[in-house]
Every structure is written in C-alpha cells, then in structure tokens.
Amino acid sequence: MSDELYSNAVLRLAADIPRIGRLARPHASARKVSRLCGSEIEVDIAMAGNRVGDLALRVKACALGQASAAILGRHVIGASHKDLVMARDQLRAMLKEGKPAPRGRFAELALLESARAYPARHQSVMLAFEAVVDAAATATRGRAATPQTTPLTG
C-alpha cells in the first residue's frame, strides 16, 4: 500500500505546501475535519471579484491530505467558486466512481489516483477542496469571515 499511495511525487508535494499560514483579513474561513482519520484543514480566503485573490492554509493531515492541499495551494489563485466546485466534484468522482482525474487548473490531482483503491483515505484527500469550496461560497455571499467546522463523513 505505501508504494502505491505514497509515491515520490506525492511525498514531494506533501513536503512543499505553499500558502501556509493565515491571512490578515480573509473574506471567509472554513475548517474541515475527517472523523475517520482526524486530519484537519483550515483555509482563509480573500476574493478579488469572483476569483480567488489570496489563500492561506493550515494543514494537519497525512501525506495524501498534505499533497492535495499543496496542489490546491499551487493552482488556486484566479480560480472562481465554480472552478473550485468543479475540481472538488471531479476529485470526488475520481476517488469514489473511478472517473478520470480533474482536468485543467487542478489536473495535478491525477497524482492522487492511487488513493481510489483505499476508501479510508478519500476523506483526507478531499478535505482541502471541501474547505476551499465552503470558504469561497461564504466569501462570495459576503457573509462575515467566521470559521466553519464541518466533520466529513464517508
């Protein structure tokens, strides 16, 4: 299992997560926790119009969750809420339904295809994208920047 899941590419991503920290003035924040493994992801987001202008991540997850967060951090600037929803949905379909990896901006998520065979790892892979979708939705609705904590289930 380790060789399939934790390839050199995944481990390199996990070791180099961009955008770690907090934003001074986020438009919204969201926190996701996996009930299954205890992984946690928090995001702060600042929108520039209807696109992501800045993002900060706080990650406490396994290498797969860290790699997913790293991919998000590398490609999120300029994404719309619609782009984020599409990436999250394509990632979920890749893991749970055997569909192709996301294309376009988040195509690098293909590196996590090996997690498909390990349902216990799906939540950790999904956390960053679940959190950023929630934060972007809150920010685009213009609500106050209050963190949301939502446990994920299977």
Side-chain angles (χ1 to χ4, degrees), residues 1-20 28-141 148 150-154:
M1 176 168 93
S2 293
D3 290 345
E4 290 175 16
L5 283 177
Y6 302 109
S7 67
N8 287 335
V10 167
L11 294 176
R12 275 192 299 275
L13 284 166
D16 189 25
I17 304 170
R19 305 190 169 285
I20 293 292
S29 299
R31 179 174 178 256
K32 294 290 180 180
V33 179
S34 170
R35 287 184 180 164
L36 188 61
C37 66
S39 292
E40 298 178 30
I41 303 279
E42 289 183 83
V43 301
D44 292 340
I45 196 167
M47 301 298 285
N50 67 346
R51 303 215 169 256
V52 177
D54 203 359
L55 184 87
L57 297 160
R58 287 155 324 277
V59 181
K60 295 179 186 175
C62 68
L64 293 170
Q66 291 174 20
S68 180
I71 292 167
L72 174 69
R74 288 166 66 154
H75 304 290
V76 72
I77 302 304
S80 67
H81 180 253
K82 182 179 175 182
D83 296 334
L84 298 171
V85 169
M86 186 168 52
R88 179 206 56 197
D89 292 351
Q90 289 176 346
L91 177 59
R92 182 183 297 123
M94 178 187 83
L95 293 172
K96 298 191 177 294
E97 301 168 23
K99 301 278 178 153
R103 291 182 219 77
R105 177 185 297 273
F106 297 105
E108 198 172 11
L109 287 167
L111 293 171
L112 302 174
E113 278 185 291
S114 61
R116 178 184 293 151
Y118 302 94
R121 303 288 192 232
H122 293 180
Q123 285 184 9
S124 186
V125 173
M126 292 295 305
L127 284 177
F129 283 85
E130 295 285 358
V132 77
V133 165
D134 283 0
T138 299
T140 56
R141 282 193 303 267
Q148 302 173 8
T150 309
L152 292 181
T153 57

Among Gln123, Gln90, His122, Glu113, the one residue meeting side-chain contact (heavy atoms from CB on, under 4.5 Å) with Leu95
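Checked Gln123, Gln90, His122, Glu113 against Leu95; only one passes side-chain contact (heavy atoms from CB on, under 4.5 Å): His122.
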After noting the C-alpha distance and the side-chain angles of Asp83 and Val76, does the key distance pass the side-chain contact (heavy atoms from CB on, under 4.5 Å) rule?
CA-CA 9 Å; Asp83 296 334; Val76 72; over 6 Å; no
To the nearest 0.5 Å, how far apart are [atom1] in [X] and [atom2] in [Y]?
X     : Y      : atom1 : atom2 : answer
Lys82 : Thr140 : NZ    : OG1   : 13.5 Å
Leu13 : Asn8   : CG    : CG    : 11.0 Å
His81 : Thr138 : NE2   : OG1   : 8.5 Å
Met47 : Ser80  : CE    : OG    : 7.5 Å
Cys37 : Leu64  : SG    : CG    : 9.5 Å
Leu84 : Arg51  : CG    : CZ    : 9.5 Å

Might you point out which heavy atoms bring [X] and [Y] nearest each other, and give the distance in Å?
X      : Y      : value
Ile20  : Ile17  : CG1-O, 3.3 Å
Ala139 : Ala28  : N-CB, 3.7 Å
Val33  : Glu40  : CG2-CG, 3.9 Å
Ala87  : Pro102 : O-CG, 4.2 Å
Val59  : Ala69  : CG2-CB, 3.8 Å
Val43  : Ala131 : CG2-O, 3.6 Å

Matching residue for Glu42 among Lys60, Arg19, Arg58 - test: salt bridge (Lys or Arg N to Asp or Glu O under 4.0 Å)
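Going through the options one by one, the only one that passes is Arg58.
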Would you list the pairs meeting salt bridge (Lys or Arg N to Asp or Glu O under 4.0 Å) in which at least one residue belongs to residues 71-80, sequence neighbours left out?
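Salt bridge (Lys or Arg N to Asp or Glu O under 4.0 Å) check on residues 71-80 returns Arg74-Glu108.
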Taking the side chain from [X] and the backbone from [Y], do they hold a donor-acceptor pair closer than 3.5 Å?
X      : Y      : result
Gln66  : Ala61  : yes
Arg116 : Lys99  : yes
Ser68  : Val125 : yes
Arg121 : Ala115 : no

4.5 Å side-chain heavy-atom contact, Ser7 and Leu111
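They are not in side-chain contact.
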Can you confirm whether Asp16 sits close enough to Arg12 that some side-chain heavy atom of one is under 4.5 Å from a side-chain heavy atom of the other?
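No, too far: nothing below the 4.5 Å cut-off.
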May I have the step-by-step check of side-chain contact (heavy atoms from CB on, under 4.5 Å) for Arg105 and Met86, ending in yes or no?
CA-CA 11 Å; Arg105 177 185 297 273; Met86 186 168 52; over 6 Å; no
